[in-house]
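Computed from a predicted model, the values in this text were never measured in an experiment.
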Amino acid sequence: GAGAGAGAGLEAGAGDASSGGDLVLDPTNSFMRALTYQTLSLDLFGSKSPPGFIADTSREFPDGVARIVLRRATAAQVSEAKEATETLKRRAESIRDGFTIALRMLAQCGAPAVGHNSLFDIVFTVDKFLHHLDSTYDGFKVALNRCFAGAMYDTKLIAQRFMEGFLSLSASKNNQQQQQQPQGQQQQQQQGQQQQ
């Protein structure tokens, strides 16, 4: 399976130990690095204690290519590294949640939202931050009405409507001028005949 492929890459890819006892694996793409991390996190030997290494991705090589580096570590160091990783994940989630809170406050304050050609932006924002969408138009309308208290304005649509109205008004004025022109010519002809 996927874990076996990553484990085989780990054994075959074991590279130089030029960085002071650290094991540097051969460079791979991000997908293979993810598989390798999954394999490294497995308890393959039934041990109750964590493995004796910490795996990190590093780009601190002359070519700048990302590689996994395995560092020898005590059980306490491995636990500290896992806790640090979990802390970073919680912080990222907190930042994401904080943005959602701010977005909800903006959506509920009643202020109008203004965008240009913003339908995709609105759908994405509602689905990812405010309300899960059920893939139907009616569901989207209900979610949109629940999420936003204020009006929404799309400047592209406003500009299109303005141009349609402007062009329609211009066309009607041109038609009026064309209709009035023959009447004006007829009046001039009548005045010219009366003078003779």
With rounding to the nearest 0.5 Å, note down the distance linking [atom1] in [X] to [atom2] in [Y].
X      : Y      : atom1 : atom2 : value
Arg146 : Gln108 : CZ    : CD    : 11.5 Å
Asp56  : Thr85  : CG    : OG1   : 7.5 Å
Gln160 : Lys156 : CD    : NZ    : 5.5 Å
Glu93  : Thr100 : CD    : OG1   : 11.5 Å
Phe31  : Thr28  : CZ    : OG1   : 10.5 Å
Asn117 : Leu157 : CG    : CG    : 7.5 Å

Steps toward side chain to side chain contact (heavy atoms under 4.5 Å, CB included) verdict (Ile68, Tyr37): CA-CA 9 Å; Ile68 294 177; Tyr37 275 115; 4.0 Å; yes
For residues Cys147 and Ala107, report the shortest heavy-atom separation together with the two atoms involved.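 In this case the closest contact between Cys147 and Ala107 is O-CB, 3.1 Å.
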Taking all non-hydrogen atoms of both residues into account, name the closest pair between His131 and Ala143 and its distance.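 Looking at all heavy atoms of both residues, the shortest contact is ND1-CB, 3.5 Å.
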Let's go through Arg33 and Ser30 carefully: what are the C-alpha distance in whole Å and the side-chain angles of both, what is the deciding distance for side chain to side chain donor-acceptor pair (under 3.5 Å) to 0.1 Å, and is it a yes or a no? CA-CA 5 Å; Arg33 280 194 307 277; Ser30 59; 4.8 Å; no
With distance as the sole criterion, is a donor-acceptor pair present between the side chains of Thr136 and Asp134 under 3.5 Å?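 Indeed, the side chains of Thr136 and Asp134 share at least one donor-acceptor pair under 3.5 Å.
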Just by distance, with hydrogens left out, do Ser118 and Tyr153 show a side-chain donor and acceptor under 3.5 Å apart?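 Their side chains do not contain a donor-acceptor pair, so the 3.5 Å distance test is not met.
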Under the 4.5 Å side-chain heavy-atom rule for ILVMFWY, direct or indirect, which residues accompany Leu119?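 Joined to Leu119, directly or through intermediates: Phe99, Leu103, Ile122, Val123, Phe124, Val126, Phe129, Leu130, Leu133, Phe140, Leu144, Phe148, Met152.
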Assess whether atom CZ of Arg90 is packed by more than 12 heavy atoms of other residues, nucleotides or ligands within 6.0 Å.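 More than 12 heavy atoms, drawn from other residues, nucleotides or ligands, come within 6.0 Å of this atom.
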If you define the side chain from C-beta out and look only at heavy atoms, does anything of Leu23 sit under 4.5 Å from Val69?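 No; the side chains remain at least 4.5 Å from each other.
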Would a 4.5 Å heavy-atom cut-off, applied to side chains only, mark Ile101 and Arg104 as touching?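 Counting from C-beta outward, Ile101 and Arg104 never come under 4.5 Å.
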side-chain contact (heavy atoms from CB on, under 4.5 Å) partners for Asp63, two or more places apart: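 For Asp63 the side-chain contact (heavy atoms from CB on, under 4.5 Å) partners, ignoring immediate neighbours, are Phe61, Val65, Arg67.
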Residues forming a side-chain contact (heavy atoms from CB on, under 4.5 Å) with Glu60, sequence neighbours excluded: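 Residues passing side-chain contact (heavy atoms from CB on, under 4.5 Å) with Glu60: Ser58.
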Run the side chain to side chain contact (heavy atoms under 4.5 Å, CB included) check on Leu25 and Thr36 step by step: do they pass? CA-CA 10 Å; Leu25 304 183; Thr36 303; 4.1 Å; yes
